[in-house]
Colleague: 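Handing you this structure, nothing more for now.
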Amino acid sequence: MSDSATANRPASNAPPAGLLEGIVQAEGYKYGFITDVETEDAPPGLNEDTVRFISAKKGEPAWLLEWRLKAFRRWQTMAPPDWAKLNIAPIDYQGASYYSAPKAASGPKSLDEVDPELLKTYEKLGIPLGERAALAGVAVDAVFDSVSVATTFKDKLADLGIIFCSFGEAVREHPELVRRYLGSVVPQGDNFFAALNSAVFSDGSFVYVPAGVRCPMELSTYFRINAAKTGQFERTLLVADRGAYVSYLEGCTAPQRDENQLHAAVVELVALEDAEIKYATVQNWYPGDENGKGGIYNFVTKRGACRGARSKISWAQVETGSAITWKYPSCLLEGEGSTGAFYSVAITNNRQQADTGTKMIHIGRDTSSTVISKGISAGRAQNTYRGQVKVLSNADGARNYTQCDSLLIGKRCGAHTVPYIDVRHPGAKVEHEATTSKISEDQMFYCQQRGLTAEDALSLIVNGFCKEVLNELPMEFAVEAQKLLAVSLEGSVG
Amino acid sequence: MSKLLEIRGLRARIANGREVLKGIDLDVAAGEVHAIMGPNGAGKSTLSSVLAGKPGYEVTEGTVRYLGRDLLAMPADERAREGVFLAFQYPVEIPGVNNMYFLRAALNAGRRQRGQAELDAQQFLKAVRDRLKLLDIGDDLLRRAVNVGFSGGEKKRNEIFQMAMLEPKLAILDETDSGLDIDALRAVSDGVNRLRDPARAIVMITHYQRLLDYIVPDRVHVLADGRIVASGDKTFAAELERTGYAYLGDAA
Ligand SMILES: Nc1ncnc2c1ncn2[C@@H]1O[C@H](COP(=O)(O)OP(=O)(O)O)[C@@H](O)[C@H]1O
Ligand SMILES: [Mg+2]
């Protein structure tokens, strides 16, 4: 079943032309500055030597180089996915550089040694890395282009046995953990972009929470693309051992540049028996200008495996940036009684395109999943929810509830809902609800009649529309996300 | 008493070009309550929409002065912040937006315009409690999303509560009485009566005379086919009750 609605369709509450039209200026993007640091870059191009160069730069063991090369060989045989409702200009994979690192930061080090320019960058982004200045209770790993530049609160976490470090450091310090779990959820050849990432991934974050430990603070990675003509390929691996709990946040921004930049990340989550992982993303990569020039191609593979009985994984995402988003954070519900959830707000404006959703794969008995997706489209943007619910033949008692709501602002944007339901067990309970609405002139006028400006009215209505998802974000992120929604829609009224 | 609202020769048409207001003249002074009555489709809601600045109407002739200013030149949100309040005939639902949050945003928007400090959460709560007591309504509506799942009576009561919080200088009540049972009508009317104030003008639109038994107006006007065809003092309402305004409408 599939339904699709576009704003061209006459709607009963259609506002008069002009009121909700004339979508956003990119003036809303506050993070478009460029940091001037000396970098060490790989020469443009992609071949086995590039892969060896990256691996050597990072001083990796032979097994990891082999792992990368295997991925690279797979990638060469693969084609980019073409099933998404996306209009993607051809990408020149040989024209980009696959490694860029600030010169001073050859590896993770203590905060005192971090280049002050980089600290300033993160402060400008609202992510102070000084531990005293940092948000109380949030530990941050900052990834600048290809490398992790700082990880805060490490010692405090280490006391509990929690490992939170850059991926590169994890390879050096905890090779047995990395080797056991790397690629165990997203195999090298999973898809075109995951294979590319597996070959050339630069850095990222690694988290291990030992059995029975409840991580006492939010863990957070802040990704920043700075260099021109480079892609960013970070890799995050998060393992919650039996009975462990962790809540993880991820934020991203990039400078305003005229050319498109590729971001192809992989995130793998593993939850063992009775473990719980909450993974939240606020994605604000540069979306391109109002005519669709520039912006990040955000092609990301995120997947969590609920390996153990009664384990829980929840994805919450607020996607406001990127020129193109191709992203389906998913859950493999293997353990008996395990639970998966996906809460998403995807907002597209101007010429942005998003094709995003989730896959809930019910493998074990009594597994349940919840999907709440809120898509908001303005300008000439196209926003697609694409979601799969699959119930395998042994998954007795599987249940899914999916709710997809789309909101259209103006007349030239589109919203599409594409659910795939594949149920191989007769007892499965799968519910799907979908709505498409327009912000009505009546709602806008009601707010304005009470004294709110058009911008404040729109922001209020949109935030209300997203409420169920915003409620799933950690408190301090929710406030940021609300502001971000308002900024993303700037100029879409008036 | 100074004129708070002066409408002169107001003509307006709707999107399809049809003229709905065909020359309205009306003066309302601070402290007065005016009732505008008339049959369905006469243009009563259109008049209130034009005064509040709702998009979709074109004023072709006439002027509206509000506190000496050109009301029609002000954007809708500015009119609201300057003290023009419309109690909607059909209050709008805003899912996911808490009623209190909405009201505080509205209240503070007005305060900023007037150069007053914004109310913090505590001051706001105190103001809310005072008004709830004044209007004798419970606080159950406050926790819910704006108008979502409210009964007809609850919506109308919520409008009057908002009016009490925002303290407008000019309140236009569009059929605030329609769809209410007798108890709800009495409760809403009591609320409006408590909000009568020497500094405030109230224009209430209705097509039932029964409202005027509860809220006694200073002036009564009959609007029919886009024109005010008759006006009088409060005794005029009783007279209308005998003759019926449909007759007046037909005569116009
Ligand atoms: N936005 C609108 N679109 C189309 N017709 C309208 C609109 N507003 C008012 N009208 C029409 O104008 C006339 C007056 O309507 P209205 O002002 O609502 O009357 P009343 O409130 O007195 O019942 C009616 O014929 C109504 O159908
Ligand atoms: Mg009406």
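Labels below follow one simple rule: chain letters A, B, ... track the order of the sequence lines, proteins then strands, and each chain is numbered from 1.
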Colleague: What residue among A/Thr358, A/Thr325, A/Thr356 forms side chain to side chain donor-acceptor pair (under 3.5 Å) with A/Gln317?
Modeller: A/Thr356
Colleague: Please enumerate all residues that pass salt bridge (Lys or Arg N to Asp or Glu O under 4.0 Å) together with B/Arg143, with sequence neighbours excluded.
Modeller: B/Asp139
Colleague: As an exercise: rank B/Tyr101, B/Phe85, B/Tyr90 by heavy-atom pairs under 4.5 Å with chain A and give me the winner.
Modeller: B/Phe85
Colleague: Within 45 degrees of the ring normal and closer than 6.0 Å to the centroid, is that where the cationic atom of A/Arg399 sits relative to A/Tyr401?
Modeller: no
Colleague: Whether A/Lys374 and A/Glu468 form a salt bridge (side-chain N of Lys/Arg under 4.0 Å from carboxylate O of Asp/Glu) is what I want to check.
Modeller: yes
Colleague: Under 4.5 Å from any heavy atom of chain A, what part of B/Asn147 do you find: side chain, backbone, both or neither?
Modeller: side chain
Colleague: Are side-chain N/O atoms of B/Gln89 and B/Ser48 paired as donor and acceptor at under 3.5 Å?
Modeller: no
Colleague: Which residues in residues 159-174 of chain B have any heavy atom lying under 4.5 Å from a heavy atom of chain A?
Modeller: B/Glu159, B/Gln162, B/Leu166
Colleague: Taking B/Lys44 for its side chain and B/Gly38 for its backbone only, find out whether a donor-acceptor pair lies under 3.5 Å.
Modeller: yes
Colleague: Does B/Asp120 come within less than 4.0 Å of B/Lys126, counting only side-chain N to carboxylate O?
Modeller: no
Colleague: For A/Cys447, is it the side chain, the backbone, both or neither that has a heavy atom under 4.5 Å from a heavy atom of chain B?
Modeller: both
Colleague: Who pairs with B/Asp27 by side chain to side chain donor-acceptor pair (under 3.5 Å), at least two apart in sequence or on another chain?
Modeller: B/Arg8
Colleague: Distance from A/Asn349 atom CG to A/Ile409 atom CD1, nearest 0.5 Å?
Modeller: 7.5 Å
Colleague: What part of B/Pro75 is in contact with chain A, defined as an atom under 4.5 angstrom from a non-hydrogen atom: side chain, backbone, both or neither?
Modeller: neither
Colleague: Tell me, for A/Phe465 versus chain B, whether the close heavy atoms (under 4.5 Å) come from the side chain, the backbone, both or neither.
Modeller: backbone
Colleague: If you check every heavy atom in residues 61-72 of chain B against those of chain A, which residues fall under 4.5 Å?
Modeller: none
Colleague: Counting distance only, does the side-chain N/O of B/Arg144 pair as donor-acceptor with the main-chain N or O of B/Gly149 below 3.5 Å?
Modeller: yes
Colleague: Salt bridge between B/Arg13 and B/Glu58, side-chain N to carboxylate O under 4.0 Å?
Modeller: yes
Colleague: Does a side-chain heavy-atom distance below 4.5 Å link B/Tyr57 with B/Val20?
Modeller: no
Colleague: Between B/Ala145, B/Ala106, B/Gly110, which has the largest tally of heavy atom pairs under 4.5 Å with chain A?
Modeller: B/Ala106
Colleague: Which atoms form the tightest heavy-atom contact between B/Pro55 and A/Phe445, and what is the distance?
Modeller: CD-CD1, 4.0 Å
Colleague: If we define contacts as heavy-atom pairs under 4.5 Å, which of B/Asn98, B/Val97, B/Ile94, B/Leu86 has the most with chain A?
Modeller: B/Leu86
